[in-house]
Amino acid sequence: MKIKEQFAADLQKQFGEHLDSHNIYHLIEVPKQQEHGDLAFPCYTLSGKLRRNPALIAQEAANQLEDAAGYEKVEAVGAYLNVFLNKQLTASAILARIMEEKNNYGNSQVGQGDVVVMDMSSPNIAKPFSLGHLRSTVIGHSLSLIAEKRGYKTVRINHLGDWGTQFGKLIAAYKKWGSEEKVKQNTIQELLALYIRFHEEAEHSPALEEEGRLWFKQLEEGHADALALWKWFRAESLQEFERIYKLLGVSFDSDNGEAFFNDKMQRIVDILEEKQLLTESEGAMVVDLSEDDLPPCLIKKSDGATLYATRDLAAAVYRKETYHFGNSVYVVGNEQSLHFQQLKAVLRKMGYSWWEDIRHVSFGMILKEGKKMSTRKGKVILLEDILQEAIELAKTNIEEKNPGLADKQSVAENVGVGAVVFHDLKNHRHNDIEFSLEDMLRVEGETGPYVQYTFARARSLLRKGGYQPAAEEVNGCDREAWPVVKQLDAFPAVINRAAEQDDPSQLAKYVVDLAQAFNKYYAGTRILEEGKWKGQRLALTFAVSIVLKEGLRLLGIHAPEEM
Ligand code: ARG
């Protein structure tokens with residue numbers, strides 16, 4: 001049973017003629033104070049429709065509901081209908097359901113037969129994997145896991161930044177100063193150093209710029225030498241990124257990046273021409289978007305080179321034709337919101353009705369002491385180093401608190417990486433977030449390790465209690481457990497809300513709330529004490545462990561059994 005749904009269904013029987021079920025459901029409130037009941041229904045809307053006093057409506061509704069199953073007490077207070085649920089019945093129903101469905105609890109089929117394309121991560125090769133790309137990766141990963149839980153098929157795409165004039169420059173620099181050995185050892189650092197050196201030297205040597213341009217031309221024309229180097233840079237970079245993806249537990253269905261669309265852009269240009277959407281502006285070809293109040297979208301530069309936007313247009317069409325998506329999501333920082341507005345506007349002008357199914361899921365920046373973490377100037381902060389540092393810190397904690405733990409390395413990885421991921425996802429994606437490893441790894445407060453720790457505690461209780469799950473034995477719960485039961489009941493609704501708002505932070509906050517409710521219960525109750533309630537308490541603990549683990553999984557975080 002879902003508590004709110006049941007109440008809505010009961011109200012529907014009474015008021016279905018005047019209010020549809022959707023309206024009823026959304027009017028139901030959860031009172032802040034327990035003395036106002038578990039759920040409340042304000043009768044103002046009905047009063048407007050029926051032209052009757054809301055207090056009278058509430059009173060009549062209360063009389064009607066009094067004998068319905070599942071309620072302990074039903075009360076009209078002013079315009080409100082307050083209900084107190086029968087805790088025994090409700091708890092039994094919820095616990096039995098979780099026990100039966102296990103990690104399928106919260107699954108739904110809303111997305112059945114529908115495909116979501118998730119453009120996520122998408123770092124630029126030969127450049128460091130930035131914290132912005134980390135955000136895109138973890139938000140995209142969580143959103144795709146949530147979508148799958150709701151029955152969607154997902155296609156995760158790593159739209160690598162692997163094309164552009166910078167690769168001409170990089171080849172020129174490598175030819176002059178590069179060493180194969182060094183690039184192999186430390187790809188990103190080396191390539192970045194070459195790139196920076198190119199820019200420094202080009203300042204006094206215009207000939208170098210010209211060399212870079214020539215190499216890019218060679219690359220575009222497919223000359224073997226240039227192409228081989230580009231391929232090598234790409235493969236080495238991907239290998240480095242792969243180490244990060246492995247730590248994060250993320251994989252992709254496609255890593256077709258920008259270069260993949262080189263031979264697919266002419267078609268876009270042809271369509272634009274045929275529809276007379278291309279205009280010339282200072283030698284470049286653009287699509288005018290003034291009727292959308294947007295700056296023109298640049299399609300071709302004066303030297304004929306295509307651009308980021310052209311490749312994204314080709315990619316959007318390719319994805320529609322290849323995957324037949326119902327939704328195409330781009331998890332990219334909010335500094336690119338203009339780009340995606342332009343993308344949608346051009347697709348609309350091209351006559352693709354599915355332009356509306358494109359969604360830019362944007363996010364804020366990661367800051368260090370209030371400032372943007374820069375990779376261009378000064379020191380490069382490598383994500384891999386950050387993750388390794390988090391893992392080391394987690395390991396130190398384990399050595400201090402639980403030196404006898406088996407499999408320390410893998411637990412430290414789960415905790416360290418989980419801490420970084422959770423810290424990102426617990427903030428609403430639009431907010432800028434402050435980067436602090438110490439904060440992330442705290443075992444108290446709203447952190448990944450706190451939730452993981454609560455899960456491990458629950459598992460340990462179950463082991464100590466020799467618990468074997470058996471749904472048919474679930475029978476009510478003690479009073480103190482009620483807040484925990486209500487949290488457990490909320491899980492499916494939270495998943496839906498997180499999905500509808502593209503907002504994993506709802507889920508992150510939820511697992512913290514559930515962990516807190518359970519820890520409060522744990523502090524006030526002797527769960528393992530022999531007696532009437534032991535079985536129920538362990539059943540509750542079991543249900544909590546399932547939901548915590550599944551909630552963390554949907555955030556892309558692994559929950560170790562012990563820590
Ligand atoms: N590589 C780009 C960047 O780092 C992000 C690409 C996002 N995806 C896209 N289809 N444009 O800024």
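Along the sequence shown, residues are numbered consecutively beginning with 1. When reading the values below, keep in mind they use all heavy atoms of this one structure, side chains included, and skip hydrogens, waters and symmetry mates. Counting starts at 1 for both ligands and their atoms, following the listed order.
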Identify all side-chain donor-acceptor contacts of residues 191-207 below 3.5 Å with residues at least two apart in sequence or on another chain.
| from | atom 1 | to | atom 2 | distance (Å) |
| --- | --- | --- | --- | --- |
| R197 | NE | E201 | OE2 | 3.1 |
| S205 | OG | L208 | N | 3.4 |

Which of the ligand 1 atoms, numbered from 1, are nearer than 4.0 Å to a heavy atom of N124
1 (N), 2 (C), 3 (C), 4 (O)
Please tabulate, for the side chains in residues 325-338, all donor-acceptor contacts under 3.5 angstrom to protein atoms that are two or more places apart in sequence or on a different chain.
| from | atom 1 | to | atom 2 | distance (Å) |
| --- | --- | --- | --- | --- |
| N327 | OD1 | R359 | NH1 | 2.8 |
| N334 | ND2 | F363 | O | 3.2 |
| Q336 | OE1 | Y308 | OH | 2.6 |

K217/E220 salt bridge by N-O under 4.0 Å criterion
no
May I ask you to decide whether K246 forms a salt bridge with E413, counting only side-chain N to carboxylate O separations under 4.0 Å?
no
Got a sec: does the CD of Q109 have more than 12 other heavy atoms crowding it under 6.0 Å?
yes
Does an N or O from H133, backbone or side chain, lie closer than 3.5 Å to an N or O of ligand 1?
yes
Can you name the atoms of ligand 1, numbered from 1 with element, that are less than 4.0 Å from a heavy atom of Q336?
3 (C), 12 (O)
Relative to the heavy atoms of Y308, which atoms of ligand 1 are at a distance of less than 4.0 Å?
2 (C), 5 (C), 6 (C), 7 (C), 9 (C), 11 (N)
Has K102 got its NZ or CZ under 6.0 Å from the middle of the six-membered ring of Y105, at an angle within 45 degrees of the ring axis?
no
Please list, in number order, the atoms of ligand 1 under 4.0 Å from a heavy atom of Y330.
10 (N)
Pairs of nitrogen or oxygen atoms closer than 3.5 Å, one from D119 and one from ligand 1: do any exist?
yes
contact_flag R311 ligand 1 heavy-atom lt 4.0 Å:
no
